Student: 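One structure is given below, represented as structure tokens, and several questions about it will come after.
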Amino acid sequence: MHFSGHSALLQAGNGIRVYEFDPSEGFEAFTMNVRRRIKAEGRDAFYVFDCLSDLQAAWATDLMMGNFFKVTCPYLFELNTVAYFPLLRGQHSFARIQETTQLLLDVYTDSESLYINPLKVWNRYSPNMFLPHKYMEENGSFLPLKGGYEISRFYTLVDALTNTSENQNLDSWERFITDTRRTYRREGIFTPAVEDIISHTMMSNDEKILSLLKTYFEPDDYFLVYKRMIGTGTGKCGPHRICQHYEYFRSGIPQAARTWIQR
């Protein structure tokens, strides 16, 4: 199931079919297209999805990414399928995914070894189930780590690859705004690239609206609009966003701009 900008993870052939989807169509259209394809494939299929983190990049929030997984995964379960969904560590709040999935594995690798660390295992039971496991290349198996040296080596790798400063209780968009606001307050930095991301995500894709924003808005104006927002995501059209902050616009930008927006 291919929806990212990179090349497909698998090549078609030998029983493998690659289906392409476009997240920029919006959450509902994208989700329904994927669901129709799953329905057409029927029971007992195997799926490899592109990285879900790319959906967050397309839809701006972890919430929409989590909602996609929350409606798709149970349907796959009903059809007795096996599906693999990659997700970048430390980049998201993944509570919705964790509460929905049957199996959640944290994967670590270095130049010599590959490890998996089960975070959730549903309806399976083993005394070693939640121990970190190492991949044994010689026979293709995973064995639990029990020796002191191997366990120490594993947790050293975990510390090196885990950003403990990330608050994964926050949505990635909330973290982005928080970091941007902190940088602006401390260093006075608010780059055009950052302004483009915020204005396109929160406000509009209309070039006339964007031109007005860049002409009349200061960084604090964007932060104030964000503070007054109820939810985020691609499901809101431009006029809805304008109406959502209409009182702010009326009081915060020149009359000429207000007249244009009212049209």
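Atoms considered below: every heavy atom in the structure, side chains included; atoms not considered: hydrogens, waters and symmetry mates. This is a predicted model, so every value here is computed, not measured.
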Student: Determine whether the aromatic ring centres of Phe49 and Phe85 lie less than 6.0 Å apart.
Tutor: yes
Student: In Å and rounded to the nearest 0.5 Å, what is the SG to CD distance from Cys73 to Gln102?
Tutor: 4.5 Å
Student: Under 3.5 Å, is there a donor-acceptor pair between the Asp106 and Tyr108 side chains?
Tutor: yes
Student: In chain order, what residues pass the salt bridge (Lys or Arg N to Asp or Glu O under 4.0 Å) check against Glu25, with sequence neighbours excluded?
Tutor: none
Student: Between Glu99 and Lys70, is there a salt bridge with N-O shorter than 4.0 Å?
Tutor: yes
Student: Please tell me if the side chains of Leu103 and Val121 come closer than 4.5 Å, counting only heavy atoms from C-beta onward.
Tutor: yes
Student: Just wondering, do Asp50 and Phe21 contact through their side chains at under 4.5 Å, heavy atoms?
Tutor: no
Student: For Gly148, does its backbone N or O pair with a side-chain atom of Ser152 as donor and acceptor, under 3.5 Å?
Tutor: no
Student: Check whether Asp221 reaches the backbone of Glu218 with its side chain - one donor and one acceptor, N or O, closer than 3.5 Å.
Tutor: yes
Student: Evaluate the side-chain proximity of Leu213 to Glu195: yes if any heavy-atom separation is below 4.5 Å, no if none is.
Tutor: no
Student: Check whether any side-chain heavy atom of Leu52 lies under 4.5 Å from a side-chain heavy atom of Phe68, and answer yes or no.
Tutor: yes
Student: Regarding Glu41 and Tyr47, do their side chains bring together a donor and an acceptor under 3.5 Å, going by distance alone?
Tutor: no
Student: Between Asp54 and Ser4 (side chain of the first, backbone of the second, donor and acceptor by atom type, cut-off under 3.5 Å), is there such a pair?
Tutor: no
Student: Are Arg35 and Tyr75 in a cation-pi contact, defined as NZ or CZ under 6.0 Å from the six-membered ring centre and within 45° of the axis?
Tutor: yes
Student: Please examine the side chains of Phe142 and Leu114, heavy atoms only from C-beta on, and report whether any two atoms are closer than 4.5 Å.
Tutor: yes
Student: Using side-chain heavy atoms (C-beta onward) and a distance below 4.5 Å, is Phe223 in contact with Arg185?
Tutor: yes
Student: Any non-hydrogen side-chain atom of His200 less than 4.5 Å from a side-chain atom of Leu210?
Tutor: yes
Student: Under the 3.5 angstrom rule, does the side chain of Lys120 hit a backbone N or O of Gln98 as a donor-acceptor pair?
Tutor: yes
Student: Does some side-chain heavy atom of Val34 sit less than 4.5 Å from a side-chain heavy atom of Phe30?
Tutor: yes
Student: To the closest 0.5 Å, what do you measure between CZ (Arg17) and CE (Met1)?
Tutor: 11.0 Å
Student: Is the backbone of Arg96 close enough, under 3.5 Å, to the side chain of Thr100 for a donor and an acceptor to pair up by distance?
Tutor: yes
Student: Measure from the side-chain N and O atoms of Ser211 to the backbone N and O of Glu207, and report whether any donor-acceptor pair falls under 3.5 Å.
Tutor: no
